[in-house]
Amino acid sequence: MDIEQQQAEHIDYFVKKASILQGSALSNLIVEATSHPSLFAFSEILAAPNVIELEGTENSAFLDVLRMFSYGTWSEYKITASRLPQLVPDQVLKLKQLTVLTLAETNKVLPYDSLMQELDVANVRQLEDFLINDCMYVGIVRGKLDQLRRCFEVQFAAGRDLRPGQLGGMIQTLSNWLSTSENLLVSIQEKIKWGDAMSEIDKKHAKEVDERAEEVKKTLSLKADIDFRGHEEIFSEHGGVMDFEEDRSRSKRRRHPIG
């Protein structure tokens with residue numbers, strides 16, 4: 001079962017439970033969801049009506065925790081930790097995993113030093129163990145650990161929930177991409193038309209060259225045939241060579257009269 005299908009099943013389970021729970025029971029459900037080892041998307045749980053109603057209540061801090069797991073990071077949690085419930089170890093692990101996904105959204109090469117600072121990891125060995133065992137093995141990222149350059153090269157990273165206001169920017173980005181793609185398509189079509197036109201011109205020119213070459217061949221062949229026939233007629237005329245020989249004989253006889 002791939003990670004997307006697992007996500008869908010887990011989300012459906014927690015959304016259904018959230019629809020029938022209230023108050024502190026919902027707080028426990030949020031802790032359970034944010035501790036789940038195979039759940040990395042929380043926006044649908046966050047949008048459940050009963051969860052939204054936690055706002056302004058004594059359990060509203062758990063709503064903030066759920067928001068943190070939807071689009072926050074470990075460093076952001078540390079800034080607001082004093083007013084949020086303390087996280088259990090499984091939640092800490094989960095939020096650090098999600099932090100890697102957030103960092104991978106904008107950078108495909110993550111320096112070890114930055115990762116260790118963001119994740120509160122003491123050394124490179126612990127960082128690489130975390131990336132291998134808790135990120136790549138789980139399937140949320142794929143990449144290469146470059147010990148020589150001290151960085152993690154990201155090849156794939158699962159997407160996270162969108163931050164408030166991020167949807168508009170994403171729509172604008174997609175709109176710009178669509179506009180650029182349409183302009184590129186028009187340019188490609190124009191180049192194809194130009195190429196087709198040049199191809200037709202080349203074909204027409206090649207045809208004309210072939211026709212001219214054929215005419216020259218015919219002309220040369222005809223001239224050669226005429227020349228050949230002319231020489232043949234000259235040498236084959238009756239008496240042509242013989243008369244010349246006879247004239248020479250007669251001339252010689254005249255030089256020696258009979259005494």
Side-chain angles (χ1 to χ4, degrees), residues 1-5 7-8 41 100-111 135-136 139-163 165-257:
M1 184 183 298
D2 57 31
I3 189 171
E4 289 81 5
Q5 187 175 349
Q7 290 286 297
V100 173
L101 296 184
T102 294
L103 295 174
E105 286 178 358
T106 54
N107 296 286
K108 297 308 177 186
V109 178
L110 304 178
C135 295
M136 287 193 281
I140 58 174
V141 295
R142 289 195 301 271
K144 176 184 176 182
L145 300 175
D146 191 332
Q147 295 179 334
L148 183 62
R149 296 170 56 202
R150 288 174 58 87
C151 65
F152 176 50
E153 297 179 5
V154 181
Q155 298 170 346
F156 161 82
R160 288 195 67 182
D161 298 320
L162 298 177
R163 292 175 178 266
Q166 192 176 5
L167 180 59
M170 182 174 290
I171 291 174
Q172 184 61 49
T173 299
L174 291 174
S175 297
N176 294 340
W177 175 83
L178 179 61
S179 177
T180 300
S181 299
E182 290 175 345
N183 292 335
L184 180 61
L185 180 60
V186 170
S187 177
I188 291 173
Q189 290 174 337
E190 289 177 351
K191 289 184 181 297
I192 291 174
K193 290 180 181 179
W194 178 84
D196 290 342
M198 293 302 297
S199 177
E200 289 299 320
I201 292 174
D202 289 343
K203 288 179 181 179
K204 183 178 179 181
H205 178 69
K207 183 179 180 181
E208 292 175 351
V209 170
D210 290 341
E211 290 176 350
R212 289 176 183 174
E214 191 64 30
E215 290 177 0
V216 171
K217 288 180 182 179
K218 290 181 179 179
T219 301
L220 292 175
S221 177
L222 179 61
K223 185 176 183 304
D225 186 57
I226 292 174
D227 290 344
F228 176 76
R229 290 182 181 180
H231 287 297
E232 187 180 46
E233 290 175 357
I234 290 172
F235 286 104
S236 62
E237 281 183 356
H238 178 68
V241 175
M242 293 301 295
D243 288 345
F244 175 74
E245 292 295 335
E246 288 179 0
D247 288 344
R248 289 182 62 189
S249 299
R250 290 171 182 172
S251 296
K252 289 179 181 181
R253 285 195 294 269
R254 289 192 190 101
R255 292 190 189 114
H256 303 282

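The first residue in the sequence is number 1, and the count goes up from there.
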Checklist entry - Should the heavy atoms of other residues, nucleotides or ligands under 6.0 Å from NZ of K144 be counted, would the total exceed 12? => result no

Checklist entry - Rounded to the nearest 0.5 Å, how far does CG of D161 lie from OG1 of T102? => result 10.0 Å

Item to check | Any residue meeting side chain to side chain contact (heavy atoms under 4.5 Å, CB included) with N107, in chain and number order, not counting sequence neighbours | outcome: L110

Item to check | Distance in Å, E214 CD paired with T219 OG1, rounded so as to fall on 0.5 Å steps | outcome: 10.0 Å

Let me have the donor-acceptor pairs involving side chains of residues 145-159, under 3.5 Å, with sequence neighbours excluded, atom names and distances please.
from : atom 1 : to   : atom 2 : distance (Å)
D146 : OD1    : L148 : N      : 3.1
D146 : OD1    : R149 : N      : 3.0
Q147 : NE2    : E128 : OE1    : 3.1
Q147 : NE2    : E128 : OE2    : 3.4
R149 : NH1    : E153 : OE2    : 2.6
R150 : NH2    : D113 : OD1    : 2.8

Quiz: residues 202-211 side-chain donor-acceptor pairs under 3.5 angstrom, not counting sequence neighbours:
none

Next on the checklist: So which atom in E105 and which in R160 form the shortest heavy-atom distance, rounded to 0.1 Å?
Outcome noted: OE2-CB, 3.8 Å

Item to check | Gap between atom CD of E190 and atom CG of L185 - 0.5 Å precision | outcome: 10.0 Å

Next on the checklist: Once rounded to the nearest 0.5 Å, what's the spacing between atom CD1 of I140 and atom CD of Q7?
Outcome noted: 9.5 Å

